[in-house]
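For reference, the structure is listed below as structure tokens.
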Amino acid sequence: MQRLARNGGTAGLLRWLAGRADGWAGIAGSDGTVLSASGAAPSGPLTAPDDVPDVPRLVAEGVRALTERGALAYSHDTGAHTVLLFPLPGPHDPHVEDRGAAPLLAVVTPRPVAAGLATLLADVLMPLSLCREAEAVERKRRRVDLAESRGREAVLHLLMTGQLSIAQQVAGALRPRLPDPVRVCVVECPGDSRDEVARVCAEADGGRSWIVRCPVYARHLILVMPAEGGREGRRETAPDGGPGSGPSGAPSGGPDGGTSTDEAVAALVDRCVVGVSERVPLADTATGYRQAFHALAVAREVPGRHVRFGAAPEPALVVGPAGRQWAEALLTPLLTHVPRRAQDPGSQELAATAASWLAFSSHATDHLKVHRNTLAARLRLIGELLGLDLHRLADQAALDLALRIRATPAPVCTPEAGQRDGGAAPGHANGAAHDLDEVLRRPAVQEWALRQLAPVTGAAEETLRTWLRCEGRLGTTAAELGISVPGARKRLTRLETVLQRSLLRPPSARYDLWLALRARASAAAEATS
């Protein structure tokens, strides 16, 4: 009995009782409702259908009779069966004053009642009650954990959508406080070990990191870590594709000179893969997440299973003031949208939906906690407002760039040479580009594009161009290249290693790569015209 209470809990004890009684055992509430049960209605091989007892009715009648009489126990014979009822003791006082409110152990057994069964039921009351109380405490703990997990997820969502002040207010009720600046770390956990890896992460950095269970990928943990708390990298995905290092050529440690949290987790957990971002302001958590996700794609292919993202500028940082004005012009219909009904999504919600869908594709339903039909309706509205076909990679890349420019503080955007005094570019009264191609032809953007495409040459470049021309669809790409789908996937996986970016899983670098190729083609067309 004690072993069953420790290992099987309430369900195990009830199954054991049902077997000993050769009948039915369960827990009934004070109103006669069966709360939990084990075993079928007692019957034998020669039992007629009319002789099978109506267990819920018998239990309800027995509970009413026991309550009316105020008895300590109740037994009732129905002809072929006997109903036995015992109130369960409370968690602290075995002599419960209000027995009418206590749950009851109910047993329906064939007559005659087995010798010693009533004594056995009396003995099992306390272990059964303790099991129920322990399970109730565990359910409450899980609810608290779920509420905290959802709260952390909500804070991360606010950070990813640029709502920094609200995120800090919500995070004030939880611990630890949000650090600033940060490194974002994405940990891919083996199997179903995410909760255990979260505990390892918390212990590794003393609870200083903000740990969130990813709402999109069931095996991912997201850590928002203090930027000063870890090394500058044993291995970084540098712009030239090679490993990075600290300023002196050797990895630099944190304040205490110890191993950083991400390195410790990769070392402590078998088959755990870790990608880490650059140092970014808290307001740029979304950028840090993309960087960490790209580093994770590379980390899967290296022996150490740990990679830091190297220095590589965001396109939003090099478009200059004209690019910012282009983004504002593109997004104005979305940002000024006023819903017709109070329950319809407003401009801020639509912008968050667009950013989530561009980052996570169909997984945005998990990120936003909306139905797929709701997501599809919002995307249709966004496309109509902006005049874009969101099924086309070109329009997706333009919208993604515009949203990232909007999320970047204006002073951070790099002005063009000759424009640092606020003057207008030649040929434009206000310095604004007429279209995306003009933004992409600017010198700083051209330099960014060259750095993005530098590692890709020959057949790899043809594979990349074909994949982007086929809207990122693997099956169509394989057909265009004349190879199998697994073969196309292998080529793109090798490209991920070469480019040090994620391609096959969102968030994908396909928007940046499309923009880089478009920038190079636009510059070449202008040079030949």
Side-chain angles (χ1 to χ4, degrees), residues 184 186 188 233 235-245 273-278 280 286-318 358-361 393-394 396-397 400-401 404 440 444-474 477-478 480-481 483 486-521 523:
V184 181
V186 178
E188 189 170 76
R235 180 183 182 93
E236 292 188 356
T237 59
D240 60 359
S245 61
V273 185
V274 182
V276 191
S277 75
E278 297 179 285
V280 296
T287 298
Y289 174 75
R290 283 194 298 269
Q291 292 178 352
F293 196 89
H294 293 320
L296 182 71
V298 180
R300 295 189 187 102
E301 307 300 324
V302 301
R305 297 173 287 107
H306 171 270
V307 168
R308 284 183 183 269
F309 190 89
E314 281 283 305
L317 301 179
V318 296
L358 289 168
F360 298 112
S361 187
L393 180 57
Q396 294 170 13
D400 180 72
L401 177 60
R404 287 156 73 177
L440 297 179
V445 181
Q446 287 292 309
E447 182 181 349
W448 168 84
L450 289 175
R451 293 178 66 183
Q452 295 294 308
L453 299 173
V456 184
T457 57
E461 181 175 353
E462 180 59 27
T463 298
L464 177 62
R465 287 180 176 277
T466 303
W467 181 63
L468 294 175
R469 188 169 61 249
C470 294
E471 307 289 338
R473 297 186 178 93
L474 200 58
T477 302
E480 286 277 335
L481 294 172
I483 59 177
R489 183 180 290 108
K490 287 181 181 179
R491 288 194 185 185
L492 290 169
T493 301
R494 287 194 294 269
L495 263 176
E496 287 184 331
T497 305
V498 170
L499 290 166
Q500 309 288 356
R501 301 293 184 267
S502 172
L503 300 180
L504 294 173
R505 300 178 69 184
S508 170
R510 60 181 181 173
Y511 303 135
D512 283 0
L513 294 170
W514 185 91
L515 290 169
L517 286 172
R518 179 65 174 265
R520 194 164 69 177

Legend entry - Side-chain (Ser502) to main-chain (His294) donor-acceptor, under 3.5 angstrom: no

Inset, instruction - For residues Pro506 and Ser361, report the shortest heavy-atom separation together with the two atoms involved. - result: CG-CB, 4.3 Å

Legend entry - Closest heavy-atom pair and its distance - Ser508, Leu503: OG-O, 2.9 Å

Inset, instruction - List in chain and number order the residues that pass salt bridge (Lys or Arg N to Asp or Glu O under 4.0 Å) with Arg520, two or more places apart in sequence or in another chain; answer none if no residue qualifies. - result: Glu461

Inset, instruction - Drop me the distance from Ile483's CD1 to Thr466's OG1, to the nearest 0.5 angstrom. - result: 9.0 Å

Legend entry - Under 3.5 Å: donor-acceptor pair, side chain of Thr493, backbone of Arg489: yes

Inset, instruction - Just do the side-chain contact (heavy atoms from CB on, under 4.5 Å) check on Val184 and Arg290 with the steps written out, would you? - result: CA-CA 9 Å; Val184 181; Arg290 283 194 298 269; over 6 Å; no

Inset, instruction - Report the C-alpha distance between Trp467 and Leu495 in whole Å, list the side-chain angles of each, state the deciding distance to 0.1 Å, and finish with yes or no for side-chain contact (heavy atoms from CB on, under 4.5 Å). - result: CA-CA 11 Å; Trp467 181 63; Leu495 263 176; over 6 Å; no

Legend entry - Spatial distance of atom CZ (Arg473) from atom CG (Leu393) [nearest 0.5 Å]: 9.5 Å

Legend entry - Validation row: Arg510, Gln396 side chains within 4.5 angstrom (heavy atoms): yes

Legend entry - Of Asp512, Val456, Leu468, the residue whose pairing with Leu517 passes side-chain contact (heavy atoms from CB on, under 4.5 Å): Leu468

Inset, instruction - Could you tell me which non-hydrogen atom of Leu515 sits nearest to which non-hydrogen atom of Leu440, and how far apart they are? - result: O-CD1, 4.0 Å

Legend entry - Nearest heavy atoms of Ala478 and Ala488, plus distance in Å: CB-CB, 3.9 Å

Inset, instruction - Tell me, with the steps shown, if Val318 and Glu447 meet side-chain contact (heavy atoms from CB on, under 4.5 Å). - result: CA-CA 9 Å; Val318 296; Glu447 182 181 349; over 6 Å; no

Legend entry - Nearest heavy-atom neighbours spanning Ser277 and Gly288: CB-O, 3.1 Å

Inset, instruction - Output yes when a side-chain donor or acceptor of Gln446 lies under 3.5 Å from a complementary backbone atom of Ala519, and no otherwise. - result: yes

Legend entry - Backbone of Leu513 reached by a side-chain donor or acceptor of Gln452 within 3.5 Å: no

Legend entry - Gln291 versus Thr287, side-chain donor and acceptor atoms under 3.5 Å: no

Inset, instruction - Tell me, with the steps shown, if Arg491 and Glu480 meet salt bridge (charged side-chain N to carboxylate O under 4.0 Å, His left out). - result: CA-CA 14 Å; Arg491 288 194 185 185; Glu480 286 277 335; over 6 Å; no

Inset, instruction - Measure the shortest side-chain to side-chain distance between Val186 and Tyr289 over non-hydrogen atoms and say whether it is less than 4.5 angstrom. - result: yes

Legend entry - CG on Leu401 to CG on Leu358, rounded to 0.5 Å: 11.0 Å

Legend entry - Test: Glu496 and Arg300 ion pair at under 4.0 Å: no

Inset, instruction - Could you tell me the separation between the CG atom of Leu464 and the CZ atom of Arg469, rounded to the nearest 0.5 Å? - result: 10.5 Å

Inset, instruction - State, with a plain yes or no, whether a side-chain heavy atom of Phe293 is found less than 4.5 Å away from one of Glu188. - result: no

